[in-house]
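What you see below is based on every heavy atom in this structure, not just the backbone, and it leaves out hydrogens, waters and symmetry mates. Position 1 is the first residue of the sequence; numbering continues from there.
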Amino acid sequence: MEQLLRAELRTARLRAFGSPGPGEISEGQAYDTDAGPVFVKVNRRPQARKMFEGERASLEALHSTGLVRVPQPRKVIDLPGGGAAFVMEYVKMKRLGSQASKLGDQIADLHLFNQKLREKLQQRENTVGHRAEGAETQYVSKFGFHTVTFCGFIPQVNDWQDDWPSFFTQHRLQAQLDLIEKAYGDREARELWSRLQVRVPDLFRGLEVEPALLHGDLWAGNAAEDGAGPLLYDPASFYGHSELDLATASAFGGFPAPFFAAYHRKLPRAPGFEGRLRLYRLFNYLNHWNHFGRAYRAAALGAMRELLG
């Protein structure tokens, strides 16, 4: 492994430091190199390269906005015998605390970024003699992403669609429930979902959802801070509904209260917010059921019953 890293990174110096990070999905290790410290994630699964390419594309998309800090991706390396390694910038970080409010402010700006691009585009179209500037980030009018991303080790189809409820129902909820059906053949999950899926559009009645660039897996374990401020990592980005990131941020312990206060100062809750949050948390419970087993079955089925009222 170290010989491969030396060759791929073209470094004579390669010294591991810090404690190896076991992680729930991938292992991680920091190294000193000739060009400075790097962090290397390793995954031995057959789909590891696709996982890391999706993460790399997500980091690049988030960085391109200039609104949030993420580790800079360096290189994805195929490993002998299968799997891959992902080399990125090393950042010495600690648990998010005093910078929570600043991160909430930044995530709100991130979620508003595409909308502001649309407004700028409309303004230019109404200006006589305007011309397009090709180097700028372009407005995205659909829901999806240009590549597959992974939430954990599960691939997420991101084929572009015009309708958000259809995208979320098909590519997120139905995809998770198909895996549960294959692994468990859970009759109660199947019956609850058959009743719930026809009600999903009702939760979006009268709401215009603007495609927003999402982190895609914004739980507290994927955010941190250092002396320069907050930062994000392990994204599974795509263009979706901003409330999905908020639902993940409030699940499994969640972010500190100042994060949400700062966020909602810029993006107030829309009517029906709490009902949609329950729907989005259902995705998290289903995803955990598929990753970690039946311990999350009760939470997933309970969420479906609650949504059915």
Side-chain angles (χ1 to χ4, degrees), residues 1-11 13-33 35-62 70-93 145-158 171-172 175-176 178-180 182-184 215-224 232-238 248 252 283-284 286-296:
M1 175 70 177
E2 293 198 351
Q3 184 177 355
L4 176 64
L5 286 175
R6 280 195 175 89
E8 291 285 345
L9 300 178
R10 298 179 181 179
T11 180
R13 177 178 176 81
L14 189 76
R15 184 183 67 83
F17 67 91
S19 302
E24 293 179 330
I25 306 298
S26 301
E27 300 171 358
Q29 178 64 60
Y31 293 91
D32 275 327
T33 73
V38 297
F39 185 73
V40 181
K41 291 175 70 172
V42 174
N43 191 286
R44 300 286 180 177
R45 294 175 182 271
Q47 71 268 39
R49 170 167 274 277
K50 289 189 73 175
M51 288 171 57
F52 289 149
E53 291 289 4
E55 183 178 347
R56 178 176 187 158
S58 300
L59 290 169
E60 289 170 347
L62 294 170
V70 295
Q72 294 303 292
R74 300 280 172 84
K75 195 169 191 177
V76 178
I77 303 166
D78 291 317
L79 298 179
F86 182 20
V87 184
M88 67 188 78
E89 173 190 12
Y90 169 77
V91 182
K92 186 177 182 180
M93 58 183 77
F145 204 50
H146 63 275
T147 190
V148 171
T149 51
F150 285 68
C151 194
F153 56 72
I154 295 175
Q156 299 187 129
V157 173
N158 288 321
H171 292 322
R172 295 299 182 264
Q176 292 284 339
D178 286 346
L179 293 174
I180 286 167
K182 183 177 179 181
Y184 301 99
H215 177 282
D217 192 14
L218 190 64
W219 72 289
N222 287 343
L232 302 171
Y233 51 96
D234 290 354
S237 293
F238 63 99
T248 306
F252 310 120
F283 167 77
N284 288 300
L286 295 172
N287 187 52
H288 274 63
W289 186 352
N290 279 313
H291 276 89
F292 307 118
R294 294 177 66 91
Y296 287 92

Which distance, rounded to the nearest 0.5 Å, do you find between the CG of L5 and the CG of L14? 5.5 Å
Just jot down the salt bridge (Lys or Arg N to Asp or Glu O under 4.0 Å) partners of R294, sequence neighbours excluded, or say none. none
K41 NZ to Q29 CD distance, which is reported to the nearest 0.5 Å: 14.0 Å
Which atoms form the tightest heavy-atom contact between P80 and R44, and what is the distance? O-NH1, 4.2 Å
Tell me, please, which residues at least two apart from T11 pass side-chain hydrogen bond (donor to acceptor under 3.5 Å, both in side chains). D34
For V40 and A85, work out which heavy atoms get closest and say how close. CG1-CB, 3.9 Å
Sequence neighbours left out, what passes side-chain hydrogen bond (donor to acceptor under 3.5 Å, both in side chains) with Q176? Give chain and number order. N287, N290
Can you list the residues that meet the side-chain hydrogen bond (donor to acceptor under 3.5 Å, both in side chains) rule with K75, with sequence neighbours excluded? E8
What's the shortest heavy-atom distance between L79 and L4, and which atoms? CD2-CD2, 3.7 Å
Could you go step by step and tell me if S26 and F52 meet the side-chain contact (heavy atoms from CB on, under 4.5 Å) rule? CA-CA 10 Å; S26 301; F52 289 149; 3.9 Å; yes
Any residue meeting ring-ring contact (aromatic ring centres under 6.0 Å, His included) with Y296, in chain and number order, not counting sequence neighbours: H288
Counterpart residues, salt bridge (Lys or Arg N to Asp or Glu O under 4.0 Å), relative to D78 (two or more places apart): R49
Nearest 0.5 Å please: distance from the CD1 atom of I25 over to the CG atom of N43. 8.0 Å
Heavy-atom pair with the smallest gap, counting every atom of S237 and S58: N-OG, 2.9 Å
Counting C-beta onward and ignoring hydrogens, is there a side-chain heavy-atom pair between P235 and L62 closer than 4.5 Å? yes
Between atom CD1 of I180 and atom CH2 of W289, what is the distance when rounded to the nearest 0.5 Å? 4.5 Å
Could you give the distance from OG1 (T248) to CG (L218), rounded to the nearest 0.5 Å? 7.0 Å
With E2 via side-chain hydrogen bond (donor to acceptor under 3.5 Å, both in side chains) - residues at least two apart: none
Results of salt bridge (Lys or Arg N to Asp or Glu O under 4.0 Å) for R15 - residues two or more places apart only: D32
All salt bridge (Lys or Arg N to Asp or Glu O under 4.0 Å) counterparts of E89, not counting sequence neighbours: none
With sequence neighbours left out, write down each residue that passes ring-ring contact (aromatic ring centres under 6.0 Å, His included) with F145, or none if nothing qualifies. none
Kindly indicate, with the supporting measurements, whether the criterion side-chain contact (heavy atoms from CB on, under 4.5 Å) is fulfilled by E55 and D234. CA-CA 7 Å; E55 183 178 347; D234 290 354; 3.4 Å; yes
Quick one: do E53 and T147 satisfy side-chain contact (heavy atoms from CB on, under 4.5 Å)? Show the steps, please. CA-CA 9 Å; E53 291 289 4; T147 190; 5.9 Å; no
Are the side chain of H215 and the backbone N or O of Y233 linked by a donor-acceptor pair below 3.5 Å? yes
Set of residues satisfying ring-ring contact (aromatic ring centres under 6.0 Å, His included) with respect to Y90, sequence neighbours excluded: F17
Testing the basics here: between V76 and R56, what is the closest heavy-atom pair and its distance to 0.1 Å? N-NH1, 3.9 Å
Which pairs would a plain distance check flag for residues 150-157, meaning a side-chain donor or acceptor within less than 3.5 Å of a matching protein atom at least two apart in sequence or in another chain?
none

Using a 3.5 Å distance criterion without hydrogens, assess whether the side chain of Y184 forms a donor-acceptor pair with backbone atoms of L179. no
Applying side-chain contact (heavy atoms from CB on, under 4.5 Å) to L9 and R74, what does each step give before you reach the verdict? CA-CA 9 Å; L9 300 178; R74 300 280 172 84; 5.6 Å; no
